Amino acid sequence: MLGFFVPFLALAPADGADPDIGLPLSTAPVAAADLIPELQPRAAGTPELLYINFDGGVLQTGCGNDPHYDCSTLAGLFDGYVGPFDGNETQRISILQATRTDLQDFAVQVVVDRPPADVPYTMVMYGDLGPQSFAGIAPYIDCEDRRGGDTSFTQGFGSSNTGSTVILQEAAHTWGLEHVDSELDILNPFKSAGLNQSFRDECFKIVANTDLEPTQGSCNQVHTAFCETGFQNSWREMNLLFGPAIPDTSAPSLEITNPPDESTFVLPTTISLLGEVVDDRHPQFYRVQIFNNDQPIFDESRIGVDLLLINPPEGDYDLRVVIADEAGNTAEDAVRFTILPEGSELPPDPEEDDDVEPAAAGCRSGGVPVTALMGLVVLLVLGASRRRRR
């Protein structure tokens, strides 16, 4: 370990303060990673997987900073535990989307489900870090990303603008990037109000602390490929490390799980239209289109298929649901059902005894009734559909 300190802690805002106003980064009590001869630099252009862990976890020691086992050399700072993010699902998705946007030029895929044990990845734990005076911390600046996947930490900000910036600054330190003096760059030691900071394709002076004190930097074997000594071009270095963005050509899959196909309902009734979505970049926003007998009845951008059809007009329905991911890849599924007038009897279920009196309202499909409710004919979004587990 080198005998100097590197700044990569962000001070948390005071309670009630605007989380996007002037977040300074403080000097971290952790030394920069030395170059270890037996570890090789990251092969140029190798795609990366970044896992944002919103779920927290018990930190392990004695295993370095391996994200597979929640290992951290900083475990003592958090008494061995990071609490889960206490924001809602919408905030999680917004933070995920903002992080993906900031990385859209590079081959870095961002996920919120823990990758398989045999897949290398970098992890940022995003949640309750306890009563800390900082917004985020990384274990070191890993020149040339020689150590590979690491674990770093970010306080659970509700703002996607702040959250994505701090996530990427801490992850970038573990990839070998240092602080710079430009307020437009993600590696600036301040979160500037009203600015969408990004990885900039410009050479900026490397700084040692929140006083913006100039320094020659510690990873010049990479920096000097694009800039003079003591300067850093974060966009060029990210492009060198991971390569350009890889187009999303994988189509999602969709399976309608409710209502059952060929089911029957009696008015008044509420029908849940549910679909399970599987995609390598889930969750994301999908364009959801619904057609009845090829006539469009719904077209909105949603996280998944989780809708209500309340008291639709009587008749036979042939619904086709089409989803398109953010790259335009599509999937579809269809379901048929019948709506009978109020007071009708459901058709007998052939699996039931002939002596059993059918219900006067609701649904029968496989003997499972669905309660009838009063309401208007509308489609209501309930929330995000959950990813089907493989």
Side-chain angles (χ1 to χ4, degrees), residues 1-13 23-36 38-39 48-87 92 95 99 110-143 145-157 162-179 189 209 218:
M1 305 290 277
L2 299 181
F4 57 86
F5 298 120
V6 292
F8 43 88
L9 290 179
L11 296 181
L23 290 181
L25 298 181
S26 178
T27 301
V30 182
D34 198 357
L35 293 182
I36 303 175
E38 65 270 17
L39 296 180
E48 174 69 303
L49 187 61
L50 175 60
Y51 166 41
I52 304 175
N53 181 352
F54 287 106
D55 301 322
V58 176
L59 302 176
Q60 307 298 318
T61 59
C63 48
N65 292 285
D66 188 342
H68 294 84
Y69 308 102
D70 294 345
C71 298
S72 178
T73 55
L74 305 177
L77 286 176
F78 314 111
D79 294 327
Y81 174 75
V82 171
F85 175 57
D86 62 3
R92 292 186 185 213
I95 293 164
T99 306
V110 189
V111 299
V112 293
D113 292 325
R114 188 182 290 271
D118 60 345
V119 173
Y121 59 91
T122 293
M123 178 173 70
V124 176
M125 299 191 80
Y126 192 93
D128 183 2
L129 304 184
Q132 309 295 343
S133 61
F134 50 79
I137 185 171
Y140 33 58
I141 294 175
D142 188 7
C143 301
D145 195 26
R146 289 182 175 237
R147 297 172 185 259
D150 283 303
T151 300
S152 55
F153 305 89
T154 298
Q155 292 276 19
F157 296 100
T162 299
S164 61
T165 299
V166 184
I167 285 170
L168 289 175
Q169 182 162 136
E170 304 316 323
H173 287 316
T174 70
W175 297 330
L177 279 73
E178 306 183 59
H179 280 152
N209 48 43
S218 58

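Being a predicted model, the structure only gives us computed values, none of them experimental.
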Identify the heavy atoms of [X] and [Y] that sit nearest to each other, and give their distance.
X: Phe157; Y: Val166; value: CE1-CG2, 4.4 Å
X: Ser152; Y: Glu170; value: OG-CB, 3.7 Å
X: Gly148; Y: Asp142; value: N-OD2, 3.8 Å
X: Ala171; Y: Leu50; value: CB-CD1, 4.2 Å
X: Ile95; Y: Phe85; value: CD1-CZ, 4.1 Å

- [ ] Assess whether atom OH of Tyr81 is packed by more than 12 heavy atoms of other residues, nucleotides or ligands within 6.0 Å.
- [x] yes
- [ ] Hey, can you tell me if Phe78 and Phe134 have their rings parallel, tilted or perpendicular (30° and 60° cut-offs)?
- [x]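 The rings of Phe78 and Phe134 stand perpendicular, inter-plane angle above 60°.
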Open item on the list: Is the ring pair Tyr121/His68 parallel, tilted or perpendicular, if the boundaries are 30 and 60 degrees?
Closed with: tilted
- [ ] Would you mind listing every salt bridge (Lys or Arg N to Asp or Glu O under 4.0 Å) that reaches into residues 56-70, with sequence neighbours excluded?
- [x] Asp70-Arg114
Task: Listed once per pair and sorted, the salt bridge (Lys or Arg N to Asp or Glu O under 4.0 Å) pairs that draw on residues 117-138, sequence neighbours left out - done: none
Separation between [atom1] of [X] and [atom2] of [Y], rounded to the nearest 0.5 Å:
X: Asp145; Y: Glu48; atom1: CG; atom2: CD; result: 6.5 Å
X: Thr174; Y: Arg147; atom1: OG1; atom2: CZ; result: 11.0 Å
X: Phe54; Y: Asp113; atom1: CZ; atom2: CG; result: 11.0 Å
X: Arg92; Y: Asp55; atom1: CZ; atom2: CG; result: 5.5 Å
X: Leu129; Y: Thr154; atom1: CG; atom2: OG1; result: 7.5 Å
X: Thr61; Y: Leu74; atom1: OG1; atom2: CG; result: 12.0 Å

TODO: Identify, with sequence neighbours excluded, every residue that meets side chain to side chain contact (heavy atoms under 4.5 Å, CB included) alongside Thr151.
DONE: Pro67, Met123, Met125, Phe153
Open item on the list: Among residues at least two apart in sequence or on other chains, which ones pass side chain to side chain contact (heavy atoms under 4.5 Å, CB included) with Ser164?
Closed with: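 Only Ala98, Thr99, Asp102 meet the side chain to side chain contact (heavy atoms under 4.5 Å, CB included) criterion with Ser164.
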- [ ] Could you pull out all residues at least two apart from Asn65 that satisfy side-chain hydrogen bond (donor to acceptor under 3.5 Å, both in side chains)?
- [x] Thr73, Tyr140
Task: Residue list, side-chain hydrogen bond (donor to acceptor under 3.5 Å, both in side chains) with Ser72, at least two apart or on another chain - done: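 Checked Ser72 against side-chain hydrogen bond (donor to acceptor under 3.5 Å, both in side chains); zero matches.
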Open item on the list: Using modelled atom types and a 3.5 Å cut-off, is there a donor and acceptor pairing between side-chain atoms of Gln132 and backbone atoms of Leu77?
Closed with: yes
Open item on the list: Treating Glu178 as the side-chain partner and Ile141 as the backbone partner, does any N or O pair qualify as donor plus acceptor under 3.5 Å?
Closed with: no
